[in-house]
Amino acid sequence: MLKEVMSNGSHATCPKCHASAQVRHKKILIGKASPRALFCDEGEERAGYRRADQLAIDECTAAALGKAPLEQFLDGYYCGGCDVGFVADSVRQRFTQIL
């Protein structure tokens with residue numbers, strides 16, 4: 001879905017409008033802990049819990065995070081047309097659910 005910045009200088013594509021004309025690099029502030037970490041006894045979000053962020057540091061790859069105390073700031077992108085901040089898909093850590 002997200003086309004990352006290539007070495008030839010082309011821009012990432014906005015996940016909302018699918019355009020790259022108004023997309024620029026930007027530091028993105030993400031959450032400190034995901035619901036998975038907050039509710040570790042239950043393993044999932046509680047009913048009625050409203051998440052303030054959409055991504056937290058424990059949901060990212062270690063290579064994408066900065067050094068403490070600035071690990072909540074990621075290199076990302078911002079679309080001025082949609083007013084949306086986003087990161088590359090490669091930043092997200094994949095979780096496998098054990099059944």
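When all heavy atoms are compared, the tightest approach of A64 to V91 is CB-CG1, 3.7 Å. Looking at every heavy atom in both residues, I28 comes nearest to G85 through CD1-CA, 4.0 Å. When all heavy atoms are compared, the tightest approach of E71 to K32 is OE2-NZ, 2.6 Å.
Here the NZ-CG distance, from K27 to L74, works out to 8.0 Å after rounding to the nearest 0.5 Å. One distance of note links CG of D83 with SG of C14; it measures 10.0 Å at 0.5 Å rounding. Here OG of S20 is found 11.5 Å from OH of Y77. Values are rounded to the nearest 0.5 Å.
Annotation: side chain of I30 is in contact with side chain of I57 (closest heavy-atom distance under 4.5 Å). Looking at heavy atoms from C-beta onward, R92 lies in side-chain contact with L55 at the 4.5 angstrom threshold.
Exactly one of Q22, K16, H18 qualifies for a side-chain contact (heavy atoms from CB on, under 4.5 Å) with C82. That residue is K16.
Geometric assessment of K26 against the ring of Y78 yields a positive cation-pi assignment under the 6.0 Å and 45° thresholds.
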